[in-house]
Novice: 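One structure, as structure tokens, below. Some questions next.
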Amino acid sequence: MGATGITMGELTFIKDGLATTIHDDGEMTVVNAKQCDSCHKWDTALGGFSYRDVSGEVVLWLCAQCRA
């Protein structure tokens, strides 16, 4: 039998503030993760929005879903 062409896909684990993604080719990427202040789910910062006060401190962070 030949190859079926089925791929596994990517898998992301979030623990202790880090999001680890295992890619199709076996490579791993680790990036910071944040908890959304609206939906309270953990997500990577990619596409998120940080609202800062006058001093520059982040007082609100929204994930990409809640930002939209």
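These values consider heavy atoms only, across backbone and side chains, with no hydrogens, waters or symmetry-generated copies. These figures come from a predicted structure and were not determined experimentally.
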Novice: List in chain and number order the residues that pass side chain to side chain donor-acceptor pair (under 3.5 Å) with T21, two or more places apart in sequence or in another chain; answer none if no residue qualifies.
Specialist: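 For T21, the residues satisfying side chain to side chain donor-acceptor pair (under 3.5 Å) (neighbours in sequence not counted) are T12.
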Novice: Just distance, no hydrogens or angles: give the donor-acceptor pairs under 3.5 Å from side chains in residues 56-67, sequence neighbours left out.
Specialist:
unit_1	atom_1	unit_2	atom_2	d
R67	NH1	G47	O	3.3

Novice: Taking side chain to side chain donor-acceptor pair (under 3.5 Å) as the definition, give me every residue that meets it alongside T29, ordered by chain and number, with sequence neighbours left out.
Specialist: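 Counting only residues at least two positions away or on another chain, T29 forms a side chain to side chain donor-acceptor pair (under 3.5 Å) with H23.
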Novice: Just to verify, what does D53 make a side chain to side chain donor-acceptor pair (under 3.5 Å) with, not counting sequence neighbours?
Specialist: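 Side chain to side chain donor-acceptor pair (under 3.5 Å) check on D53 returns S55.
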Novice: Could you identify which residues cluster with L18, counting Ile, Leu, Val, Met, Phe, Trp and Tyr as linked when any side-chain heavy atoms lie under 4.5 Å apart, either directly or through a chain of such contacts?
Specialist: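 Once heavy-atom contacts under 4.5 Å are chained together, L18 belongs with V30.
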Novice: Name all pairs fulfilling the side chain to side chain donor-acceptor pair (under 3.5 Å) condition that reach into residues 31-46, sequence neighbours left out, sorted by first residue then second.
Specialist: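 Found none.
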Novice: Not counting sequence neighbours, which residues clear side chain to side chain contact (heavy atoms under 4.5 Å, CB included) with V54? List them please.
Specialist: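 Not a single residue meets the side chain to side chain contact (heavy atoms under 4.5 Å, CB included) criterion with V54.
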Novice: If every non-hydrogen atom of D24 is compared with every non-hydrogen atom of E10, which pair is closest and at what distance?
Specialist: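 What the structure gives for the nearest pair is OD1-N, 3.5 Å.
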